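Presented below is the structure to which this report refers.
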Amino acid sequence: MAAMVAVYSGLVRKTLTRVGTAAVCLTEPGTHAVLWRRSCSQYKQLTSNEDLLLSQFVSPFTGCIYGRHITGLCGKKQKEITKAIKRAQLMGFMPVTYKDPAYLKDPKVCNIKYRE
Amino acid sequence: MPRYELALILKAMQRPETAAALKRTIQALMDRGAVVRNLENLGERALPYKIFTHNQRHTRGGYFLVDFYAPTTTVESIKEYLSRDTDVIRPNVVKHPLTQEVKPCEGIVPVPLEEKLYSTKRKKK
């Protein structure tokens with residue numbers, strides 16, 4: 001039974017369980033945004049002014065929004081973040097085709113690896 | 001409680017002209033029955049992309065944030081007025097974010113997959 005379950009879970013896309021995985025959580029002085037920890041339970045209200053927070057979920061090369069399998073967020077939070085990013089881009093707070101160069105050196109929240 | 005928030009992007013102008021434009025905008029808001037609560041200046045900075053409005057190409061702009069209470073019927077007239085103003089690059093009226101409820105999120109709930117291994121539908125023999 002255990003072997004069958006293991007084989008099945010290997011076939012199915014891995015669901016990341018959010019059990020106490022926390023990356024470093026920094027607050028920069030002067031901004032009212034808190035960088036995400038890698039768990040949905042760290043809730044923060046999403047405004048479209050917070051470029052620092054939203055730029056972490058955007059690719060630095062193309063500016064496209066990372067998917068759920070990379071960010072590791074739950075359904076609701078992913079949707080909220082996508083909506084906030086699109087809104088910020090439309091309102092003129094965040095660039096669309098690239099990531100703002102001031103935020104390139106942020107700590108990584110997403111699960112993505114680039115070739116050096 | 002703050003109801004609406006206006007994310008205003010003004011053309012990059014000298015200080016007295018920016019002040020005049022802001023005064024004009026807030027006067028227009030108050031004429032339509034809005035109560036302005038706070039005005040914040042987020043500084044003048046380069047726009048994230050070039051914006052073309054009113055036959056002009058803009059690269060820099062002054063960012064301002066106005067939160068105000070307004071009746072629901074006048075929001076459309078405010079938006080229409082701001083779109084006609086030449087000094088305003090991009091106006092955006094949004095519901096104020098602090099009024100939204102904060103709901104705690106439980107994260108991804110692990111679903112027991114063993115029950116989904118076999119279908120529970122009765123097959124006709």
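First the proteins, then the strands, lettered A, B, ... as listed; each starts at 1. Both backbone and side-chain heavy atoms feed into the values below; hydrogens, waters and symmetry mates do not. Since we're looking at a predicted model, the values are computed, not measured.
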Under 4.5 Å to a heavy atom of chain B? For A:Met94 that would be backbone
Tell me, side chain or backbone of B:Ile9 under 4.5 Å from chain A's heavy atoms, or both, or neither? side chain
According to a 4.5 Å side-chain heavy-atom criterion applied to Ile, Leu, Val, Met, Phe, Trp and Tyr, with indirect links allowed, do B:Val93 and A:Leu90 form part of one hydrophobic cluster? no
Non-hydrogen atoms of chain A under 4.5 Å away: do they reach the side chain of B:Ile51, the backbone, both or neither? neither
Portion of B:Ile89 that has a non-hydrogen atom of chain A nearer than 4.5 angstrom: neither
Group every Ile, Leu, Val, Met, Phe, Trp and Tyr by side-chain heavy-atom contacts under 4.5 Å, then state whether A:Leu54 and A:Tyr98 land in the same group. no
Would B:Arg45 and A:Asp51 count as a salt bridge (Lys or Arg N to Asp or Glu O under 4.0 Å) here? Give the steps. CA-CA 14 Å; B:Arg45 48 184 219 199; A:Asp51 305 344; 3.6 Å; yes
More than 12 heavy atoms of other groups within 6.0 Å of B:Arg57 CZ: no
Testing the basics here: between B:Tyr49 and A:Val96, what is the closest heavy-atom pair and its distance to 0.1 Å? CE2-CG2, 4.0 Å
Any side-chain heavy-atom pair from B:Asn92 and A:Phe93 closer than 4.5 angstrom? no
When the 4.5 angstrom heavy-atom criterion is applied to B:Val94 and chain A, the contacting part is side chain
Answer with yes or no whether the hydrophobic clustering places B:Val36 together with B:Leu82; edges join I, L, V, M, F, W, Y residues whose side-chain heavy atoms lie under 4.5 Å apart. yes
Is there a path of hydrophobic side-chain contacts, each under 4.5 Å between heavy atoms, that joins B:Phe68 and A:Met91? no
Report whether B:Met13 and B:Tyr63 are members of the same hydrophobic cluster (ILVMFWY, side-chain heavy atoms less than 4.5 Å apart, transitive linking). no
